[in-house]
Amino acid sequence: MVKITIGIDGMMCGMCEAHVNDTVRNTLKVKKVTSSHKAKETVIIADDDISDDDIKALVEKTGYTLTGISREPYKKKGLFGR
């Protein structure tokens, strides 16, 4: 699994976050997606890596500006974080 953090500029409120989250869920195969307009980022958890081109097209589709992409391995934590 992989954790992809996308920097997004232009989100102003909770509705903007929901718009990005819905677009990600409807476009890509993901396990989890969360967005924060305050942190200006969207975090995606997915089984397989997603290409930069797919992410760029997704962000352009929403009308916001992509500011960066970072990836790191994601390890699911157990019941008590062990």
Side-chain angles (χ1 to χ4, degrees):
M1 291 177 70
V2 65
K3 176 180 174 182
I4 304 168
T5 304
I6 306 167
I8 299 179
D9 194 28
M11 292 189 294
M12 299 296 205
C13 63
M15 290 303 293
C16 296
E17 296 169 359
H19 176 78
V20 171
N21 291 345
D22 289 344
T23 303
V24 169
R25 286 187 194 104
N26 294 330
T27 307
L28 305 171
K29 186 177 178 186
V30 299
K31 290 282 190 184
K32 183 178 179 182
V33 59
T34 56
S35 295
S36 169
H37 70 279
K38 291 180 183 177
K40 297 183 179 184
E41 69 179 19
T42 295
V43 177
I44 298 171
I45 307 296
D47 282 329
D48 300 316
D49 197 12
I50 302 166
S51 75
D52 287 356
D53 292 335
D54 288 345
I55 292 170
K56 184 177 179 183
L58 173 106
V59 174
E60 287 176 355
K61 182 178 177 181
T62 62
Y64 302 111
T65 304
L66 178 70
T67 60
I69 302 171
S70 66
R71 291 174 173 78
E72 61 185 78
Y74 178 78
K75 190 180 245 188
K76 187 174 179 180
K77 295 182 178 160
L79 184 60
F80 296 105
R82 291 183 176 221

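To the nearest 0.5 angstrom, Cys16 atom SG is 12.0 Å from Lys40 atom NZ.
Listed here is the closest heavy atom pair of Val2 and Asp48: CG1-O, 3.8 Å. Nearest heavy atom pair, residue Ala46 against residue Ile50, reads CB-CD1, 4.2 Å. Of all the heavy atoms in Met11 and Glu17, the pair that sits closest is SD-CA, 4.1 Å.
Remark: Lys32 engages no residue in a salt bridge (charged side-chain N to carboxylate O under 4.0 Å, His left out) (not counting sequence neighbours). Looking at residues two or more places apart in sequence or on another chain, you find a salt bridge (charged side-chain N to carboxylate O under 4.0 Å, His left out) between Asp22 and Arg25.
Using modelled atom types, one side-chain atom of Thr62 and one backbone atom of Val59 make a donor-acceptor pair closer than 3.5 Å. With hydrogens and angles disregarded, a donor-acceptor distance shorter than 3.5 Å links the side chain of Thr67 to the backbone of Gly7.
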**OP:** Just do the salt bridge (charged side-chain N to carboxylate O under 4.0 Å, His left out) check on Asp52 and Arg71 with the steps written out, would you?
**Re:** CA-CA 11 Å; Asp52 287 356; Arg71 291 174 173 78; 2.7 Å; yes
**OP:** For side chain to side chain contact (heavy atoms under 4.5 Å, CB included), just list the numbers for Ile55 and Ile6, CA-CA rounded to whole Å, side-chain angles, deciding distance to a tenth of an Å, and then say yes or no.
**Re:** CA-CA 8 Å; Ile55 292 170; Ile6 306 167; 3.6 Å; yes
**OP:** Check the pair His37, Met12 against side chain to side chain contact (heavy atoms under 4.5 Å, CB included), reporting the backbone distance first and the verdict last.
**Re:** CA-CA 6 Å; His37 70 279; Met12 299 296 205; 5.7 Å; no
Original post:
What's the verdict on side chain to side chain contact (heavy atoms under 4.5 Å, CB included) for Ile4 and Asp49, showing C-alpha distance, side-chain angles and the deciding distance?
Top reply: CA-CA 8 Å; Ile4 304 168; Asp49 197 12; 3.8 Å; yes
**OP:** Would you please test Asp47 and Lys31 for salt bridge (charged side-chain N to carboxylate O under 4.0 Å, His left out) and show each step?
**Re:** CA-CA 7 Å; Asp47 282 329; Lys31 290 282 190 184; 3.6 Å; yes
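Ile44 and Ile69 fall within a single hydrophobic cluster, where Ile, Leu, Val, Met, Phe, Trp and Tyr side chains are chained together by heavy-atom contacts under 4.5 Å. Hydrophobic cluster membership differs between Val33 and Ile45, with clusters built from Ile, Leu, Val, Met, Phe, Trp and Tyr side chains linked at under 4.5 angstrom. The cluster map of Ile, Leu, Val, Met, Phe, Trp and Tyr, joined by side-chain heavy atoms under 4.5 Å apart, puts Leu66 and Val30 in the same cluster. When hydrophobic clusters are built by joining Ile, Leu, Val, Met, Phe, Trp and Tyr residues whose side-chain heavy atoms come closer than 4.5 Å, directly or via intermediates, Ile8 is not grouped with Val43.
You'll find the side chain of Tyr64 stays beyond 4.5 Å of the side chain of Asp9, heavy atoms only.
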